[in-house]
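Report on one structure; see the data block that follows.
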Amino acid sequence: MSDARTIFVAGHRGMVGGAILKRLEARRAAGEPLELVTATRAALDLTSQAQVAEFMARTRPDTVILAAAKVGGIHANNSYPADFIYENLMIQCNVIHQAFAAGVTRLLQLGSSCIYPRAVAQPMREEALLTGVLEPTNEPYAIAKIAGIKLCESYNRQHGCDYRSVMPTNLYGPGDNFHPENSHVLPALIRRFHEAARDGRDSVTIWGSGTPRREFLHVDDMAEASLFVLDLDKSVYDANTEPMLSHINVGSGVDVSILELAQLVARVTGFSGAIRTDPTKPDGTLRKLMDVDRLARMGWRASIGLEQGVRETYAWFLAQEQGALREA
């Protein structure tokens, strides 16, 4: 990253942003000449154009990593669609445009696999973008993330910027949100099965039929992939993308059914009761698996297996819970 001395990590307190910042701090400690810039939500409202403009003009970063976003699972997306589309659009518009206005030479924005159509060939290739109807349960969020891709592409085409986009599959790991209603499926299952094992329950009911298949990527793998893409020489990045198809999928390349995932989480948390499904709850998209050939050709593949990652995540969850109990 020889051309990037001052890096602004937007969303550094989130799961992905935190993992990226940790790796950048390790690089700096190893002697790489980096100045790392962060700002808490209280100090900088990314939905405020004026605040972001002032911040960019004052800090003058060379590179921006846009990991800030409003995220949540099916329940949250269904309950707060206006919040999801508004906040994500505003964050992206403000950060990307004000980065350009401040002369930022390189930007990496993180999106989501939900950008792809509901009925799309599996695994999902980058070329599938905008070829069909989106999954209704998270359409507002998906539209916002598609807009982020097109913002980067448009600034590249019109202004010659080097703004890149990576589209991760379902992420999990230390720092995840384990809220019982507003979290994604894997942390929600970890909490639910942990509480069931702790309380001696004889069964756990999971949302939906259990048949949809999902792919999961550990946040540490995502952080490594993000910096890998950011570090790529522009000629290599451009050779593997197109001006109007510039995003890159990031995933493990392996999927499991929700029921199989629940069985894995049950083993890890020590729950030995029955696992029941609730078909009255929405399943969402029936399968979501990323085609990761493009990134693999450039030299990166995920390295953390799902069971290893779930065990690490559960250990982190337990440590947080025990810490909260000590403080209570």
Side-chain angles (χ1 to χ4, degrees), residues 15 70-85 112-120 122-124 132-142 168-173 176-218 251-252 254-290 306-307 309-311 313-314 316-318 320-321:
M15 179 174 66
K70 181 176 180 61
V71 298
I74 290 177
H75 176 79
N77 275 271
N78 268 334
S79 301
Y80 314 110
D83 294 351
F84 275 87
I85 192 167
S112 167
S113 61
C114 72
I115 62 169
Y116 294 114
R118 175 183 173 88
V120 63
Q122 301 289 327
M124 300 178 290
V133 176
L134 297 167
E135 161 61 35
T137 56
N138 59 15
E139 181 187 70
Y141 177 73
T169 189
N170 300 291
L171 300 174
Y172 71 98
D176 211 338
N177 170 24
F178 291 84
H179 189 278
E181 293 182 349
N182 295 335
S183 59
H184 287 105
V185 59
L186 184 43
L189 288 175
I190 288 175
R191 177 168 183 159
R192 193 176 308 167
F193 278 97
H194 163 74
E195 292 177 348
R198 179 197 63 196
D199 299 341
R201 298 177 201 162
D202 58 7
S203 69
V204 169
T205 300
I206 61 174
W207 270 38
S209 66
T211 58
R213 301 187 66 83
R214 293 290 182 271
E215 174 187 20
F216 297 91
L217 183 72
H218 194 282
S252 63
V254 179
D255 63 355
V256 295
S257 73
I258 297 300
L259 181 57
E260 290 170 335
L261 179 66
Q263 292 166 342
L264 169 59
V265 173
R267 289 200 308 273
V268 169
T269 58
F271 176 77
S272 57
I275 301 174
R276 298 191 171 93
T277 60
D278 182 0
T280 66
K281 297 293 194 297
D283 272 335
T285 306
L286 294 181
R287 192 184 189 199
K288 289 178 67 176
L289 176 64
M290 301 286 254
L306 183 58
E307 181 158 352
V310 170
R311 290 189 181 280
T313 303
Y314 183 50
W316 183 88
F317 171 80
L318 289 176
Q320 300 303 117
E321 185 179 62

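Atoms considered below: every heavy atom in the structure, side chains included; atoms not considered: hydrogens, waters and symmetry mates.
If you take CD on E139 and CZ on F84, they are separated by 14.0 Å, rounding to the nearest 0.5 Å. Interatomic distance, CD1 of I85 versus CG of N77, reported as 11.0 Å (0.5 Å rounding). Taking CZ of R311 as the start and CG of L306 as the end, the distance is 11.0 Å to the nearest 0.5 Å. Note that CZ of R214 is 8.0 Å distant from OG of S113, once rounded to the nearest 0.5 Å. With rounding to the nearest 0.5 angstrom, the CE atom of M124 is 8.5 Å from the CD1 atom of I115. Taken from OH in Y141 to SG in C114, the straight-line distance is 5.5 Å, to the nearest 0.5 Å.
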Side chain to side chain contact (heavy atoms under 4.5 Å, CB included), that's the test. Do V256 and F216 meet it? Break it down for me.
CA-CA 9 Å; V256 295; F216 297 91; 4.2 Å; yes
Does the side chain to side chain contact (heavy atoms under 4.5 Å, CB included) test come out yes or no for R118 and V133, once each step is laid out?
CA-CA 6 Å; R118 175 183 173 88; V133 176; 5.8 Å; no
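T280 is linked by a side chain to side chain donor-acceptor pair (under 3.5 Å) to D278, counting only residues two or more places apart in sequence or in another chain. Scored by the side chain to side chain contact (heavy atoms under 4.5 Å, CB included) test, S272 finds no partners at all (sequence neighbours excluded).
A side-chain donor-acceptor contact under 3.5 Å links N177 to the backbone of H179. Of the possible donor and acceptor atoms, none in the side chain of T277 sits under 3.5 Å from a partner among the backbone N and O of P279. Checking side-chain atoms of Q122 against main-chain N and O of L289 turns up a donor-acceptor pair under 3.5 Å. Side chain of S203 to main chain of A274: no donor-acceptor pair is present (N/O by atom type, distance under 3.5 Å, no hydrogens or angles). In terms of modelled atom types and a separation under 3.5 Å, the side chain of D283 and the main chain of S209 share a donor-acceptor contact. With hydrogens and angles ignored, the 3.5 Å screen pairs no side-chain donor or acceptor of T169 with any backbone N or O of M290.
Annotation for P117 and G132: closest pair CG-N, 3.4 Å, computed over non-hydrogen atoms. Closest approach of R213 to D255, counting heavy atoms only: NH2-O, 3.1 Å. Here the closest non-hydrogen pair linking P187 and F178 is O-CD2, 3.3 Å. Here the closest heavy-atom approach between residue F271 and residue D202 is recorded as CZ-C, 4.1 Å.
Using a 4.5 Å heavy-atom cutoff, the side chains of I190 and T313 are in contact. V268 is not listed as a side-chain neighbour of F193, based on a closest heavy-atom distance of 4.5 Å or more.
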Please tabulate, for side-chain N and O atoms in residues 258-267, each donor-acceptor pair with protein atoms closer than 3.5 Å (sequence neighbours left out).
unit_1	atom_1	unit_2	atom_2	d
E260	OE1	S257	N	2.9
E260	OE1	S257	OG	3.4
R267	NH2	E307	OE1	3.4

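For Y172 and H184, the ring centers sit 6.0 Å or farther from each other.
Annotation: R201, atom CZ; neighbour count of heavy atoms from other residues, nucleotides and ligands within 6.0 Å is above 12.
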